[in-house]
Enquirer: 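Structure incoming, see below.
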Amino acid sequence: MGLRVYNTMSGKKEDFQPRLPGKVGMYVCGVTVYDYCHIGHARANIVFDIIFRYLLFSGYETTYVRNYTDVDDKIINRANERGILSKDLAEEFITAFDEDMDSLGLIKPTHEPRATEYIRQIIEITQKLIDKGIAYEAAGDVYYSVDKFPNYLKLSKRNMDDMLAGARVTPGEQKQNPMDFALWKTAKPGEPSWESPWGKGRPGWHIECSAMSSSLLGESFDIHGGGRDLIFPHHENEIAQSEGASGKPFVKYWLHNGFVNVDQEKMSKSLGNFFTIRDILKTYDAEVIRFFILSAHYRSPIDFSDHNLVEAQSGLRRFYEALDAAERATSDVDQKENRSTDGAKVEEKFREAMDDDFNTALAIAHLFDGVRTMNRLISTKKFKKKQELIAQVQDLHETILRLGEVIGLFRSQPSAWLEKVKLAGLIRLEITEEEIGESIQQRLQARKEKDFSRGDEIRNDLEARGILLLDTREGTNWNLK
RNA sequence: GGCCCCGUCGCCAAGUGGUAAGGCAGAGGUCUGCAACACCUUUAUCAGCAGUUCGAAUCUGCUCGGGGCCUCCA
């Protein structure tokens, strides 16, 4: 059974069959660069990152395009507020976006075009729509006439009459129908602008995606993605523009990720309840964020909270503990040829889960099963003398790492990751590594003198402060409670 | 008002017609001087009601509760 994806257009899961066998073209709406990215952006980008990775893993030659919208009202307004050029503002936040995505461990899309690099194509499409009678000029603006596109609202499944009841007309706009939207806006003084057949101006919001996608992927392509909130009006308008201009079907599969909520409510700028990626990264490891996001299906809403991130961290730690143990258990053993079937089983289950509309939550559950099997094998008596078990562990270990890579997990050195999380936790506990070290020395001394009650006292004191002591053959270590 | 989504164990979360994955937390046990890790065992009939069906958490209707889009938003 092959890949199945939920298509917003049909409202159900469909067998995934790219237009050209073995090749996939995917366009995902990126960000408008006027502010730092929040956790909602993180989700959208991580989700499509793993979709991209999984398509590659499944053998599809995939072209992934993710754009930057670097000309827009919000950018202009923000730049004016700060008294800088909108171009410089855009540049600043493109850099910030790249840094954020990098720290979240995303792989680079094939192309990352900017709207302002495609002004020529935007003008071409706009002109074509005018020529076809689908768009019209009014005082330097160009509007798309939604009445001329019979399939308008087919993606969002709305009804024009109902929409009209709530539509608002901004004064100064000369729309024939209140639902019409701008393809080209005439420039106001001081705004960035480009020469066009309709005078100096700049693109409307939706047209840049039509221009960039058709330029890089062709007029028809396989997957178009983005957050749910882009379904209307953004994607609806993209369809109208692209299909109106080309006369060809635009996109085969529409994929939309769910929201990140805070206290059951959508995170949004207007509510002021958003968290930026950079803020969260001060407290939590980037991989914890990824793990948290992938522990739910991409279409479900997820609730962002401290509690949920801590839980995600616990889950991820379980993986790293196991990977660390596997590494240590097999490090001094030669790689054996005899492979086992455990890894193959995990991989089969993993693929099955991912094939079902990228069910990462289920896929991770199967990896957890692999972890348990691996731990069980390692704790078998005389493990190191049993070649068969060693081979099994090596196989599982390799499989978990390889499959983890497909969803961008387990990329760190286990011991280093565990150490990092441990040290990060100290900040919250207001205790230093040195203090702990001193206590350990005191306890060691007490134990040497057979003063176990004193030793336990030290252990209990530390435990009260959130530190657990671990006695091993190699000496005493500590961990967060 | 129109359209749409959701309500599964204490918490997170899969499952969307054949009789409830996984994680976290909890309980009991093995291991350990103690502890931790790990391992073993253990914990739900799926908001409610009424239908369809041999059979439903999964389909239909209604009720209750939560949320989203319709204005910028991932």
Side-chain angles (χ1 to χ4, degrees), chain A residues 8 11 13 28-32 34-35 37-48 72-74 77 153 156-168 170 179 205 225-234 256-261 264-271 274 291-292 295-297 299-303 305 307-319 321-322 324-325 349 353 356 359-369 371-372 374-380 447 450 452-453 455-456 459-460 462-463 468-472 476-481:
Chain A
T8 307
K13 285 183 198 169
V28 175
C29 289
V31 286
T32 299
Y34 72 104
D35 206 346
C37 287
H38 55 60
I39 181 77
H41 296 111
R43 183 181 196 190
N45 284 287
I46 287 171
V47 162
F48 287 100
D72 167 90
D73 289 351
K74 292 189 291 292
N77 293 339
L153 304 181
S156 54
K157 296 166 185 63
R158 291 157 200 271
N159 169 298
M160 183 71 85
D161 295 334
D162 295 328
M163 298 289 292
L164 282 172
R168 61 168 78 155
T170 308
M179 293 294 292
W205 173 31
R228 283 191 87 80
D229 44 3
L230 293 181
I231 295 173
F232 186 89
H234 188 55
H256 293 99
N257 66 274
F259 295 131
V260 176
N261 294 157
Q264 256 79 258
E265 244 181 343
K266 180 189 169 183
M267 172 156 52
S268 75
K269 305 232 162 164
S270 49
L271 286 167
F274 62 92
F291 191 85
F292 161 66
S295 65
H297 185 88
R299 282 187 284 116
S300 311
I302 46 173
D303 209 49
S305 69
H307 173 257
N308 287 345
L309 281 183
V310 168
E311 234 180 48
Q313 180 162 295
S314 301
L316 187 55
R317 182 190 292 134
R318 182 168 160 80
F319 274 106
E321 295 270 13
D324 190 38
K349 293 275 197 185
D356 186 11
N359 193 335
T360 51
L362 188 56
I364 288 173
H366 294 315
L367 295 182
F368 268 119
D369 285 337
V371 161
R372 194 199 293 111
M374 200 164 69
N375 282 332
R376 192 186 302 156
L377 291 169
I378 293 171
S379 59
T380 307
R447 291 195 334 157
K450 302 276 185 226
F452 289 115
S453 60
D456 285 350
R459 169 192 286 289
N460 292 337
L462 283 174
E463 191 168 336
L468 281 173
L469 293 185
L470 317 172
D471 295 329
T472 67
T476 301
N477 215 325
W478 60 272
N479 209 336
L480 300 175
K481 195 174 171 185

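Sequence lines set the chain letters: A, B, ... in the order given, protein chains first and strands last, and positions in each chain run from 1.
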Enquirer: Under 3.5 Å, side chain of A:N359 to main-chain N/O of A:L362, donor-acceptor pair present?
Expert: yes

Enquirer: Check whether any side-chain nitrogen or oxygen of A:N45 sits under 4.0 Å from OP1 or OP2 of B:A74, and answer yes or no.
Expert: no

Enquirer: Can you tell me the distance, in whole Å, between the OH atom of A:Y34 and the C1' atom of B:C72?
Expert: 7 Å

Enquirer: When you measure from the side chain of A:L362, which nucleotide among B:G2, B:A21, B:G22 comes out closest?
Expert: B:A21

Enquirer: Find the distance A:F319:CZ to B:A38:P and express it as a whole number of Å.
Expert: 12 Å

Enquirer: Between B:G28 and B:C46, how far apart are the two P atoms, rounded to whole Å?
Expert: 29 Å

Enquirer: Measure from CG on A:N308 to P on B:G10 and round the result to the nearest Å.
Expert: 16 Å

Enquirer: Take the protein atom CD1 of A:I231 and the nucleotide atom P of B:C69, then report the distance between them rounded to whole Å.
Expert: 11 Å

Enquirer: For nucleotides B:G2 and B:U43, find the distance between their P atoms and express it as a whole number of Å.
Expert: 47 Å

Enquirer: Using whole Å, what does the distance between atom C1' of nucleotide B:C11 and atom CD1 of A:I302 come to?
Expert: 16 Å

Enquirer: Out of curiosity, A:E265 CD to A:D303 CG, how far, rounded to the nearest 0.5 Å?
Expert: 10.5 Å

Enquirer: Do the side chains of A:E321 and A:N375 get nearer than 4.5 Å, heavy atoms only?
Expert: no

Enquirer: NA contact type, A:L230, heavy-atom cut-off 4.0 Å: base, sugar-phosphate, or nothing?
Expert: sugar-phosphate

Enquirer: So, does the side chain of A:R459 form a donor-acceptor pair with the base of B:C34 at under 3.5 Å?
Expert: yes

Enquirer: Check this for me: does any side-chain nitrogen of one of A:K13 and A:D356 sit under 4.0 Å from a carboxylate oxygen of the other?
Expert: yes

Enquirer: A:F292 near the nucleic acid: base, sugar-phosphate alone, or nothing, with a heavy-atom cut-off under 4.0 Å?
Expert: nothing

Enquirer: Taking only the C1' atom of each, what is the distance from B:C3 to B:U16 in whole angstrom?
Expert: 22 Å

Enquirer: Nearest whole angstrom, please: distance from the C1' of B:C69 to the CE of A:M179.
Expert: 12 Å

Enquirer: With distance as the sole criterion, do the side chain of A:E311 and the base of B:G23 form a donor-acceptor contact below 3.5 Å?
Expert: yes

Enquirer: Considering only the C1' atoms, how many Å lie between B:A44 and B:A57, rounded to the nearest integer?
Expert: 11 Å

Enquirer: Between atom CD in A:E321 and atom C1' in B:A36, what is the gap in whole Å?
Expert: 9 Å

Enquirer: What is the distance, rounded to the nearest whole Å, between atom CG of A:D229 and atom C1' of B:C5?
Expert: 14 Å

Enquirer: Tell me what A:G40 touches on the nucleic acid: a base, only sugar-phosphate, or nothing, going by heavy atoms under 4.0 Å.
Expert: base

Enquirer: Would you indicate, yes or no, if B:C70 has its OP1 or OP2 atom less than 4.0 angstrom from a side-chain nitrogen or oxygen of A:K157?
Expert: no

Enquirer: Answer with base, sugar-phosphate or nothing: what part of the nucleic acid does A:H38 contact at a heavy-atom distance below 4.0 Å?
Expert: base

Enquirer: What does B:U19 pair with, Watson-Crick or G-U, if both distances are under 3.5 Å?
Expert: none

Enquirer: Strictly by Watson-Crick or wobble contacts shorter than 3.5 Å, is anything paired with B:U58, and which nucleotide is it?
Expert: none

Enquirer: Taking only N and O in the side chain of A:R318, is any of them less than 4.0 Å away from OP1 or OP2 of B:G22?
Expert: no

Enquirer: Go through B:G22, B:A74, B:C4 for me and flag the one nearest to the A:R228 side chain.
Expert: B:C4

Enquirer: Using the P atom as the point on both nucleotides, what is the distance between B:A47 and B:C11, in whole Å?
Expert: 13 Å

Enquirer: Describe the nucleic acid contact of A:V28 in one word from base, sugar-phosphate, nothing, applying a heavy-atom distance below 4.0 Å.
Expert: nothing

Enquirer: Between B:G33, B:G15, B:A74, which nucleotide gets closest to the side-chain atoms of A:R447?
Expert: B:G33

Enquirer: Establish, with yes or no, whether the OP1 or OP2 oxygen of B:A74 is under 4.0 angstrom from a side-chain nitrogen or oxygen of A:S268.
Expert: no

Enquirer: If you check every side-chain atom of A:R158, which of B:C70, B:A21, B:A38 has the closest atom?
Expert: B:C70

Enquirer: What is the ring orientation for A:F274 with A:H38, classed by angle as parallel under 30°, tilted 30 to 60°, or perpendicular over 60°?
Expert: tilted

Enquirer: For the P atoms, the ones on B:C12 and on B:U8, what distance do you get once it is rounded to whole angstrom?
Expert: 8 Å

Enquirer: Report the residue (A:A365 or A:M267) whose heavy-atom-nearest nucleotide on RNA chain B is the more 5′ of the two.
Expert: A:A365

Enquirer: Suppose you measure atom P in B:C24 against the same atom in B:U58; what distance do you get, rounded to whole Å?
Expert: 29 Å

Enquirer: Phosphate oxygens OP1/OP2 of B:C39: is one of them under 4.0 Å from a side-chain N or O of A:N375?
Expert: yes

Enquirer: Can you say whether the rings of A:F319 and A:F291 are parallel (under 30°), tilted (30 to 60°) or perpendicular (over 60°)?
Expert: perpendicular

Enquirer: So what's B:U42 paired with, Watson-Crick or G-U wobble, going by both distances under 3.5 Å?
Expert: B:G26

Enquirer: If you round to the nearest 0.5 Å, how far is OG1 of A:T360 from NE2 of A:H297?
Expert: 7.5 Å

Enquirer: Can you tell which of B:C69, B:C72, B:A74 lies closest to the side chain of A:F232?
Expert: B:C69

Enquirer: Would you indicate whether the side-chain heavy atoms of A:D369 and A:K349 approach each other to under 4.5 Å?
Expert: no

Enquirer: For RNA chain B, whose closest nucleotide is more 5', that of A:R376 or that of A:I39?
Expert: A:R376

Enquirer: Identify the nucleotide, in any strand shown, that forms a Watson-Crick or G-U wobble pair with B:G7, with both distances under 3.5 Å; if there is none, say none.
Expert: B:C64

Enquirer: Rounding to the closest angstrom, what is the interatomic distance between B:A13 and B:G7 at atom P?
Expert: 10 Å

Enquirer: For B:G68 and A:R299 - does any side-chain N or O of the residue sit under 4.0 Å from the phosphate oxygens OP1/OP2?
Expert: no

Enquirer: Just to be sure I understand the rule, does A:H297 reach a base, reach only the sugar-phosphate, or reach nothing, if contact means heavy atoms closer than 4.0 Å?
Expert: sugar-phosphate

Enquirer: Have a look at A:G30 and say if it touches a base, only the backbone sugar-phosphate, or nothing, with a 4.0 Å heavy-atom cut-off.
Expert: sugar-phosphate

Enquirer: Which one, B:A14, B:C4, B:G22, comes nearest to the side chain of A:S300?
Expert: B:A14

Enquirer: What's the closest nucleotide to the A:A296 side chain, out of B:A14, B:A38, B:C70?
Expert: B:A14

Enquirer: Taking atom CE of A:M267 and atom CD1 of A:I302, what is their separation to the nearest 0.5 Å?
Expert: 8.5 Å

